[in-house]
Amino acid sequence: MKPLRIGNFSGFYGDRSAALREMLTGGEVDVLTGDYLAELTMLILARDRLKDPSAGYARTFPRQLEDCLGLARERGVRIVTNAGGLDPAGLAGEIRRLADRLGIPVRVAHVEGDDLTAAHPGTLAAHAYLGGFGITECLRAGADVVVTGRVTDAALVTGPAAAHFGWRPDDHDALAGAVVAGHVLECGTQATGGNYAFFTEGDVRRPGFPLAEIHADGSSVITKHPGTGGFVDVGTVTAQLLYETGGARYAGPDVTARLDTVRLGPEGPDRVRIEGVRGEAPPPTLKVGLNRLGGFRNEVVFVLTGLGIEAKAALVREQLADALAKSPPRDVRWELVRTDRADADTEETASALLRLVVRDPDQRVVGRALSGAAVELALASYPGFHVLAPPGKGAPYGVFEEVYVPYVGAAHVAVLHDGRRIPVPPPRHTRPLAAVPDPPLPEPLPPGPTRRAPLGLVVGARSGDKGGNANVGVWARSEDAWRWLAHTLTTDAFRRLIPESRDLPVTRHLLPNLRAVNFVVEGILGAGVAAQARFDPQAKALGEWLRSRHLDIPEALL
């Protein structure tokens, strides 16, 4: 059977608006998927909906579709997207009205049942991560456009693949292969050289969006349209496979994919084959993401220039101590960022930043009292006093957490283009998650001379967030580098290199087929990205920081 060509045209809410047209005109494709949702996006949409009840979905998608709906219809390309956010029925209705206005006959279906907000009082949004079989039902019934709310990112690929190949819920290996392909596609150009550790090896000024040629057994080839920017190789695919994952078992509502069985191999220019993926029955419960308001946050960044940086920082902290003591915020964080250089030839490079962040459930505690105290220092503090921006009255921040419920807690329903409602049953077979024992380590490298050098000279890394946790996937590009990496970068070594992690739970997972180790650092992001608990709140650059740290590296690898 001919492979199914599934492409991606969006990796987040705000991605390249021209990508849908680029993917439709750049080459052969059967299905295009758009991923708009992340944990933070759900909170943004929930806050938008508080102001406007009709604002629960990604407003940019209909604008993209207005330009491309006729072209997609003409070329027989189906579109599947989670742009429905908190209101997939509302977005489906808008697309129908758009199609009527343009005179384009399209069948629009949607998937619902993920919204569990009513069952979780106190949340702005509580949504289950549904699987792909609702999408499958919509496509089997002839839909041209399928809109979902919160589904797993990979469901945008497993759903069309199951519809095309006739897979059933117990076809675990095939589904697992599609999950892996979907995970590679979900973040768009991160699979084609974007955000890539070795970005200088290709032209990544404007990477093309990726696509997967999926076969009936679940194996796939990751590629991109000819002539588009960026590049696809084993490294770019490995990097995206490690992004926001944990151990060997990658669980979802359709299947648990075994990442330790993934085999990658080059298949010509800009083509990487994924095969060998094994699947297991999904876990017995369904993940639900809860977004709620955590309170209010305020921030002041003081600029300290020239000499006596530490003394200047100490003075500001002492001067603000009384203001903070009168009505103490629940959380107070000071951070001195030493961006200054000695004998600098610009004022900016002679300056350090002192950052004060306060959080509290009461807006008044973090608001004008603190702002006034900071502003009043303008003529009464360290020499050269100024701030990056005037402090405000305090802004709300969000908190993300995940819980797990039985599958029956979410009424997964495919609403077909003709209005029929098809319930999607929970999986017949489930399997509780358990850690996979670590595989044996490879043979260590023989002793030899070493040189102190950055870790990133011999390995790549990709990092990201899952709620309050961060993961850092690190991979080697040669067998010898893997032998060294597996023995050298232990959890103790990771904690030494990343001091923030020293008092936190850190778990290391070995993935020999990918020549990779994946670290999960629990709690490093506090209550999640919306809480802004850290300088890099989504841990996007945590891997690059790790790569910049110096170790004794065998000269044979350098």
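All figures in this text were calculated on a predicted structure; none of them were measured in a lab. Quick note: numbers below take in every heavy atom, side chains included, and nothing from hydrogens, waters or symmetry partners.
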Is [X] salt-bridged to [Y], going by a charged N under 4.0 Å from an acidic O?
X	Y	result
R150	D114	no
R63	E66	no
K393	E299	no
E112	R421	yes
R168	D170	no
E94	R96	no
E402	K466	no

TODO: State whether a side-chain donor-acceptor pair under 3.5 Å links N82 with D35.
DONE: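 D35 and N82 do have a side-chain donor-acceptor pair below 3.5 Å.
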TODO: Using only heavy-atom distances, determine whether the side chains of Q190 and N195 contain a donor-acceptor pair under 3.5 Å.
DONE: yes
TODO: Begin from the C-alpha positions of D67 and R21 and carry the test side chain to side chain contact (heavy atoms under 4.5 Å, CB included) through to its verdict.
DONE: CA-CA 8 Å; D67 176 54; R21 174 167 286 276; 2.9 Å; yes
TODO: Check whether NZ of the Lys or CZ of the Arg R258 lies under 6.0 Å from the centre of the six-membered ring of Y250 and within 45 degrees of that ring's axis.
DONE: no
Atom pairs and distances, donor-acceptor, side-chain atoms in residues 69-81, under 3.5 Å, two or more places apart:
from : atom 1 : to   : atom 2 : distance (Å)
R73  : NE     : P105 : O      : 3.1
R73  : NH1    : D144 : OD2    : 3.4
R75  : NH1    : L24  : O      : 2.8
R78  : NE     : A143 : O      : 3.1
R78  : NH1    : L139 : O      : 3.3
R78  : NH2    : L139 : O      : 3.2
T81  : OG1    : G34  : O      : 2.9
T81  : OG1    : A83  : N      : 3.0

Open item on the list: Could you go through W167 and H172, starting from their C-alpha distance and side-chain angles, then the distance that decides it, and tell me whether this counts as side chain to side chain contact (heavy atoms under 4.5 Å, CB included)?
Closed with: CA-CA 9 Å; W167 296 340; H172 293 144; over 6 Å; no
- [ ] Determine yes or no for a side-chain-to-main-chain donor-acceptor pair under 3.5 angstrom, with Y129 supplying the side chain and D153 the backbone.
- [x] no
Open item on the list: Students often mix this up, so state it plainly: with edges at 30° and 60°, are the rings of F9 and F61 parallel, tilted or perpendicular?
Closed with: parallel
